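Below: one structure, written as structure tokens.
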Amino acid sequence: MRHGWNGGGWDFGGWVLMGFMMLVFWGLVIGVIFGVFRSREGRSPGAPSSSQAMHLLEERFARGEIDADEFAARRDLLRPR
């Protein structure tokens, strides 16, 4: 019966592989978290998308809440650049 570092059947290559796989695992976890935060960047929770905002702007103009000049100015701000 063998005891010590190699007693469980893991040689040096097994330990290197285990360390590499831990780096890959934590790299993926951090990458997913970074991706989620980056996709939410610049948007507040519950903020309407640009198409929803345009629809709301058109509704306000149709109801007469804003005039043509204000509608045009806000429409230009909502258009993607």
Side-chain angles (χ1 to χ4, degrees):
M1 184 175 218
R2 294 168 50 184
H3 298 285
W5 284 98
N6 203 14
W10 283 56
D11 57 357
F12 181 72
W15 289 103
V16 170
L17 179 63
M18 183 177 64
F20 177 73
M21 293 305 293
M22 286 299 293
L23 286 174
V24 168
F25 171 77
W26 286 112
L28 287 172
V29 169
I30 291 169
V32 167
I33 291 171
F34 180 76
V36 167
F37 280 111
R38 185 164 182 153
S39 70
R40 293 176 160 249
E41 188 174 279
R43 291 188 298 163
S44 60
S49 67
S50 62
S51 64
Q52 291 172 327
M54 182 62 78
H55 182 71
L56 291 172
L57 183 63
E58 290 168 348
E59 284 182 356
R60 289 186 63 199
F61 180 64
R63 287 193 300 258
E65 294 177 9
I66 58 175
D67 62 3
D69 293 332
E70 187 174 354
F71 174 78
R74 291 180 186 228
R75 181 192 60 212
D76 293 341
L77 289 174
L78 289 174
R79 285 192 178 150
R81 297 171 194 222

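Please read these numbers as outputs of a predicted model, since none were measured by experiment.
- Once rounded to the nearest 0.5 Å, the distance linking CD of Glu65 with CD of Glu59 reads 9.0 Å.
- A distance of 10.5 Å separates CZ of Arg75 from CD1 of Ile66, quoted to the nearest 0.5 Å.
- Within the 4.5 Å cutoff, the side chain of Leu57 has no heavy atoms near those of the Phe61 side chain.
- Separation of atoms CG (Asp67) and CZ (Arg60) is listed at 10.5 Å; rounding is to 0.5 Å.
- When the side chains of ILVMFWY residues are joined at heavy-atom separations under 4.5 Å, either directly or via intervening members, Leu78 and Leu56 end up in two distinct hydrophobic clusters.
- Both Leu28 and Met21 are members of a single hydrophobic cluster when ILVMFWY side chains are connected at heavy-atom separations under 4.5 Å.
- With hydrophobic clusters built from ILVMFWY side chains whose heavy atoms lie under 4.5 angstrom apart, Phe34 does not share a cluster with Val24.
- One hydrophobic cluster holds both Phe25 and Ile33 under the rule that ILVMFWY side chains link at heavy-atom gaps under 4.5 Å.
- Leu17 and Trp26 fall into different hydrophobic clusters, where Ile, Leu, Val, Met, Phe, Trp and Tyr residues are linked whenever their side-chain heavy atoms come under 4.5 Å apart, directly or through other members.
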